[in-house]
Amino acid sequence: MRFNLIGPFEIVTGDGRPPHLPSTPKVCQTLALLLTRPNEIVTSESLIQELWGESPPRSALTTLQTYIYHARKMFIAERLVPAERALLITQPPGYLIRVEDHEVDIKIFERLVLQGKTALENGRPEAAVQRLEQALALWRGPALSNIPAGDVLTGRIVHLNELRIRALELRIEAELQLGRQRESIPLLRALVNDYPLNEWFHGQLISALNHSGRRAEALQAYQSLRRILNDELGLEPSPELQRLQLDVLNPSETVPAQRRRLVPAGL
């Protein structure tokens, strides 16, 4: 059995049956919140806030207990876990879901990203690319896209999205260490479209285009970023991005961006 959260929420049994999903939206919501913090206690207060916001009914605690009961019943009735397995546990001041790391796609994703980061730090960019591609392949779409999300769960989804962005950054760094600037351009174009305010992605695209002999496109990419920042936030690109533009305009007068080093004052 595996719980998949980074995409539509689903429970996969691995025995050929189609993915399962609780029929009650608030049971889905309850399970999803617990699974974003596997093996940790989630307080009843947090669960109630997630389910009803700032205006819970008087019966909120009793209703929450009913949702927990239905979730436990579903696990047994659908033969998702053996009857003797303690999966969804009451533990004051709330509940926890006890799972192995390989049973939740979030934990698998985090492990692969850590392995990729470690490989990159140890000078093994090829291995880093492999692990990071495996991690990113787990994303089947926006996290928990098929269930309602209250304030608490929305915060967890934002956290997951930030982890994905970091994995993408690490993958690009690994590709650049392997000298694959040209090969990284299609991915970078997709990323600046998906994350138009992320200056780091824009900078990597500009640099990759420049070092692939596509100076005109690099300048167009810079101007596109400049327009986006001005239209959306009334800002200019960061000083680092402005220096990168100068690298494109005057390649013989400045140090190439990928070779530029920051030297401490006085050295």
Side-chain angles (χ1 to χ4, degrees), residues 6-8 106 109-110 112-113 116-117 119-121 125-126 128-145 154-251 254-262:
I6 43 182
I106 291 174
F109 173 75
E110 291 174 343
L112 288 168
V113 172
K117 181 175 182 291
L120 189 60
E121 291 171 346
E126 191 76 55
V129 169
Q130 182 181 19
R131 293 291 183 270
L132 293 163
E133 284 183 343
Q134 291 173 348
L136 291 164
L138 293 171
W139 284 77
R140 298 164 294 111
L144 297 168
S145 57
T154 296
R156 304 284 170 80
I157 292 171
V158 169
H159 174 68
L160 291 174
N161 288 333
E162 287 297 326
L163 292 179
R164 181 174 184 267
I165 290 172
R166 182 54 184 147
L168 288 163
E169 291 172 347
L170 289 168
R171 179 186 169 185
I172 291 166
E173 289 176 11
E175 294 278 11
L176 294 180
Q177 284 192 21
L178 291 166
R180 298 175 180 171
Q181 285 93 341
R182 188 183 301 274
E183 292 83 351
S184 69
I185 289 172
L187 173 61
L188 288 166
R189 286 200 184 278
L191 290 174
V192 299
N193 181 71
D194 293 342
Y195 303 98
L197 299 181
N198 186 310
E199 288 189 75
W200 192 87
F201 288 146
H202 283 275
Q204 296 304 314
L205 174 60
I206 295 165
S207 181
L209 289 167
N210 186 35
H211 288 94
S212 298
R214 297 162 66 173
R215 292 177 60 211
E217 291 176 73
L219 290 172
Q220 287 177 340
Y222 178 84
Q223 292 301 328
S224 175
L225 168 63
R226 191 167 183 267
R227 283 194 299 272
I228 290 169
L229 292 178
N230 183 66
D231 292 346
E232 296 291 332
L233 303 172
L235 297 175
E236 289 292 319
S238 67
E240 183 179 358
L241 268 293
Q242 293 180 34
R243 287 192 295 270
L244 184 56
Q245 182 200 28
L246 292 177
D247 290 339
V248 180
L249 289 169
N250 305 297
T254 57
V255 179
Q258 67 179 23
R259 300 207 323 259
R260 185 189 293 127
R261 297 176 56 201
L262 297 178

**Asked** Quick one: ring pair (Phe, Tyr, Trp, His ring centres under 6.0 Å) pairs with a partner in residues 156-184, sequence neighbours left out?
**Response** none
**Message:** According to ring pair (Phe, Tyr, Trp, His ring centres under 6.0 Å), does anything in residues 172-192 pair up with another residue at least two apart or in another chain? List the pairs.
**Reply:** none
**Request:** Any chance you could lay out the salt bridge (Lys or Arg N to Asp or Glu O under 4.0 Å) test for Arg166 and Glu169, step after step, and finish with the verdict?
**Result:** CA-CA 5 Å; Arg166 182 54 184 147; Glu169 291 172 347; 3.2 Å; yes
Measure the spacing between [atom1] of [X] and [atom2] of [Y] and express it to the nearest 0.5 Å.
X      : Y      : atom1 : atom2 : value
His202 : Tyr222 : NE2   : OH    : 12.0 Å
Trp139 : Leu160 : CH2   : CG    : 5.0 Å
Asn198 : Ile228 : CG    : CD1   : 11.0 Å
Leu170 : Glu173 : CG    : CD    : 5.5 Å
Leu244 : Leu249 : CG    : CG    : 10.0 Å

**Prompt:** Tell me, which pairs form a salt bridge (charged side-chain N to carboxylate O under 4.0 Å, His left out) where one or both residues lie in residues 224-239, sequence neighbours left out?
**Reply:** Arg226-Glu236
**Message:** The criterion is side-chain contact (heavy atoms from CB on, under 4.5 Å); which residues satisfy it with Ala218, sequence neighbours excluded?
**Reply:** Ile206, Leu209, Asn210, Val248
Shortest non-hydrogen contact between [X] and [Y], atoms and distance:
X      : Y      : value
Ile157 : Ala143 : CD1-O, 4.0 Å
Ala135 : Phe109 : O-CD1, 3.3 Å
Arg171 : Leu132 : N-CD1, 3.4 Å
Leu205 : Ala221 : CD2-CB, 4.3 Å
Ala174 : Ala128 : CB-CB, 4.1 Å

Check: [Y] main-chain N/O paired with [X] side-chain donor or acceptor under 3.5 Å:
X      : Y      : result
Gln204 : Ile172 : no
Ser207 : Gly203 : no
Gln242 : Pro237 : yes

**Prompt:** Does a sphere of radius 6.0 Å around CZ in Arg140 hold more than 12 heavy atoms from other residues, nucleotides or ligands, not counting ones at 6.0 Å or beyond?
**Reply:** yes
For residues 183-197, dump all side-chain donor-acceptor pairs below 3.5 Å to protein atoms at least two apart in sequence or in another chain.
| residue | atom | partner | partner atom | Å |
| --- | --- | --- | --- | --- |
| Ser184 | OG | Gln181 | O | 2.7 |
| Arg189 | NH2 | Glu217 | OE1 | 2.9 |
| Tyr195 | OH | Arg164 | NH1 | 2.9 |

**Request:** Could you check if a side-chain atom of Leu163 sits within less than 4.5 angstrom of a side-chain atom of Val113, using non-hydrogen atoms only?
**Result:** no
**Message:** Does any part of the side chain of Gln223, heavy atoms only, come nearer than 4.5 Å to the side chain of Gln245, both counted from C-beta?
**Reply:** yes
**Prompt:** What residues, two or more places apart in sequence or in another chain, satisfy salt bridge (charged side-chain N to carboxylate O under 4.0 Å, His left out) together with Arg215?
**Reply:** none
